[in-house]
Amino acid sequence: MNKKHQYYLFLLMLLCSLTTGCSETRSVTQGKWSLSYQNGINIQRGQEKIATNMTAEYRLEDETVISTQAYKEPSFSVKHIMDQFGEGKLWTITYTSQLLPTLTQHFYVYEDFILTDVCVSADKGVCSNYIAPIVMEHANAALFGQHQRALFVPFDNDAWVRFSSHQLPDTAMLRSYEVTALYNPQSRHGLVIGAIDHDVWKNAIELNSSALQLRAYSGVADQLTRDKLSHGSVKGQQVTSARMMIGLYDDWRMGLERFAQANAIVTPPRQWEKAMPVGWNSWGALAFKVNHNNSTRISDFFAQELQNRSFANSDGLLYTGLDSGWNNFSEEELKDFADRCVKNHQVPCIYWTPFTDWGKNPEREVPGVEQYKYKDLYLYADGQPQDLDGAYAIDPTHPAVKTMMEQTHDLFRRCGYKYVKMDFMTHGRMEADAWYRSDVTTGTQAYNYGMHLLDSIFSDMYLNLSISPIFPAQYAQSRRIACDAWNKIKDTEYTMNALSYGWWIDGVYQYNDADHVVLRDATEGENRARITSSVITGVYITGDDFSADSMAIARARLYLTNPDINRLATGRSFRPLLGNDERSEHVFVRTEPDGTIHLAVFNYTDQPSVFRFDKQLIPLDGAKTYTVEELWSHKKVGIDDVQTIPSKDVKVFRIKAV
């Protein structure tokens, strides 16, 4: 070939790279990723196949589900991209038909993962409440094979819902919310698929392991999203799904952490420049018995006996909080309690539920907005108010809600409160017959609207979400990782279930929160386990009545003043060591910046258990010598010794190279 022919060939190749429909763009490679089209999308990373003939689909307003297979041969284009996720390639596949809306698939292919979404468009408009960018009818059988596990992630943390890791192929059907992982706990190799957009849709990933099927879609609404109606419809000249991430990793735990990072790139966590909160909350023991007298006595107890003995955060402060029941205080009492906290080197904290009506009296006037009655604010399903957890859900887009937020913030601010525990947030994300704002048509849109208001109005305060969806996550510094947990080993096990499979959530919030630690009416081992569950999760809050309960006071003096344990409360969650238990892992690990390894080993049973340090899994360098100290007993142990964990107890090991 002469130089002239080479030049024309180069121009032709360049033209094809910029022009839709060239055969060369029927496939794309980026790093180890290879994608190609042949009656569907084939996806491969290195030598490992993930999908063969993957399709996409959407539902029209008349309930007809349309697949990419309903279209004729699509057109293709590819271009290089550089964006917040890094350098990659954008592969666009466009399906057109005279009878159907145009369907456009996007694949953003980066070194580490793929993002994909689907856009459905038509000049006359489109209406859909379901779009699935990922439909694998013939997924790689190895993903569902023996020794593989599939992760269930709940939509929220209400009603004591649990994470779970299901053995495959024993579990035929599974629906996980927002993200899942298919992984081998021994090799740790795993596939992670999940949504990184949470502004319009509720998302799910469904598995049918017996049929080798996997579907990731936008538009789920069911009992576990707390919905009575189907997902709201999205209308417009174009309707786009959430972007779904596909990543294959040598360690599924790194894959979920990478998923969290991708979400945090889209919507960065709410910032907090101070130290992670450590403190007390009134609900654990006092509940509605909290009053000005007992709460101020507890503030004094911490100041006099615990804060100077390591129970405080690294700023030297304690976060002292009134939960539900504070409304029985007068404004003068609220201010006096806050002033006492400040005097005691504490941050005053308080509680609110912005999207609920606990009175459930439709004719009651809304305080401060008397032109509205509560019936004007409700989120209705088939014309009926929606009752969840004993409260009616109210519309986050209603102007009265904004006014109530402003009034509540003004009260908290003038009384001196700096931290607000926001509870029962899922009420604001429920699907409804309609919303006050006509441009809002889904529960997620309404929730984002209300949470944006909350974030902006309470911009000068720390926000901690209690019962709430995992996503969207950008409106609060922390979120409780599970539902209510108190003092028994079952409470610790339940909390550790959420840490086992949701530790990565501290990548989308600044901190996870293990709920208040209660010491009363439990064994000493249960006390150690419950405290450990908190310090290895994140926000470290205790909850006993230290104004009158002498046993709780004695336990606090003994167990809340261990500096080695308290120093673990940095806000960075421990990981599960394996991930091979359907309910809760019992071994958790964190490597510190200086190379020190901390290991928490729980025993949830009625009988003693044994534990051996696995030098490969932890991992330890076989060429190094290590010292090991158990932090609750302060005893030195051998790295090769068999460790006995008493029943309903925990041991925490610090492993350092000599």
Sub-3.5 Å donor-acceptor pair from the side chain of [X] to the main-chain atoms of [Y], do we have one?
X	Y	answer
Arg226	Arg429	no
Asn603	Pro646	yes
Asp250	Arg188	no
Asp387	Ala391	yes
Glu582	Ser164	no
Glu305	Ala303	no
Gln346	Ser299	yes

Around [X], counting heavy atoms of other residues, nucleotides and ligands shown, do more than 12 lie under 6.0 Å from its [atom1]?
X	atom1	result
Lys488	NZ	yes
Asp594	CG	yes
His345	NE2	no
Arg520	CZ	yes
Gln616	CD	no
Met461	CE	yes

For the residue pair [Y] / [X], report whether a side-chain donor-acceptor contact shorter than 3.5 Å exists.
X	Y	answer
Asp423	Ser466	yes
Ser210	Asn208	yes
Thr532	Trp632	yes
Asn464	Tyr511	no
Asn263	His198	yes
Thr426	Asp158	no

Please state whether the rings of [X] and [Y] are parallel, tilted or perpendicular, taking 30° and 60° as the class boundaries.
X	Y	result
Trp504	Phe471	parallel
Phe546	Phe301	parallel
Phe152	Tyr177	perpendicular

Asp544 and Arg555: CA distance, side-chain angles, deciding distance, salt bridge (charged side-chain N to carboxylate O under 4.0 Å, His left out) verdict: CA-CA 10 Å; Asp544 282 279; Arg555 293 284 178 87; over 6 Å; no
Do [X] and [Y] have side chains that approach each other closer than 4.5 Å (heavy atoms only, starting at C-beta)?
X	Y	answer
Ser295	Glu333	no
Val601	Val650	no
Leu454	Tyr475	no
Leu182	Leu214	yes
Asp581	Ser500	no
Tyr183	Val192	no
Gln607	Ser647	no
Lys651	Leu599	no

Partners meeting ring pair (Phe, Tyr, Trp, His ring centres under 6.0 Å) with [X] (sequence neighbours left out):
X	answer
Phe653	Phe613
Phe458	His409
Tyr501	none

Nearest heavy-atom pair of [X] and [Y]: which atoms, and what distance?
X	Y	result
Arg590	Arg572	NH1-O, 2.6 Å
Glu526	Thr523	OE1-N, 2.8 Å
Thr225	Phe155	CA-CD2, 3.7 Å
Arg530	Ala485	NH2-CB, 3.4 Å

Any ion pair linking [Y] and [X] (charged N to carboxylate O, less than 4.0 Å)?
X	Y	value
Asp227	Lys202	yes
Arg340	Asp300	yes
Lys615	Asp640	yes
Glu592	Lys656	no
Glu630	Lys635	no
Asp606	Lys648	yes
Lys421	Asp323	yes
Lys289	Asp545	no

Between Trp280 and Phe311, ring centroids under 6.0 Å: no
Sub-6.0 Å ring centroid separation between Phe288 and Trp283: yes
Interatomic spacing from CG in Leu499 to CZ in Arg575 - rounded to 0.5 Å: 12.0 Å
From CA spacing to verdict: side-chain contact (heavy atoms from CB on, under 4.5 Å), Leu322, Tyr417: CA-CA 10 Å; Leu322 305 175; Tyr417 291 85; 3.6 Å; yes
Step-by-step side-chain contact (heavy atoms from CB on, under 4.5 Å) determination, Leu151 to Arg149: CA-CA 7 Å; Leu151 180 63; Arg149 303 190 76 91; over 6 Å; no
Step-by-step side-chain contact (heavy atoms from CB on, under 4.5 Å) determination, Met451 to Met425: CA-CA 9 Å; Met451 292 301 289; Met425 309 305 288; 3.5 Å; yes
Check against side-chain contact (heavy atoms from CB on, under 4.5 Å), Tyr626 and Asp621: CA-CA 9 Å; Tyr626 291 90; Asp621 187 338; 3.4 Å; yes
Audit row: Trp358, Phe424, ring-ring contact (aromatic ring centres under 6.0 Å, His included) steps and yes/no: CA-CA 11 Å; Trp358 298 96; Phe424 295 98; 4.8 Å; yes
Residue of the set Asn497, Asn512, Val539 for which side-chain contact (heavy atoms from CB on, under 4.5 Å) holds with Ile481: Asn512
Working for ring-ring contact (aromatic ring centres under 6.0 Å, His included), residues Tyr462 and Trp272: CA-CA 8 Å; Tyr462 183 106; Trp272 181 247; 4.8 Å; yes
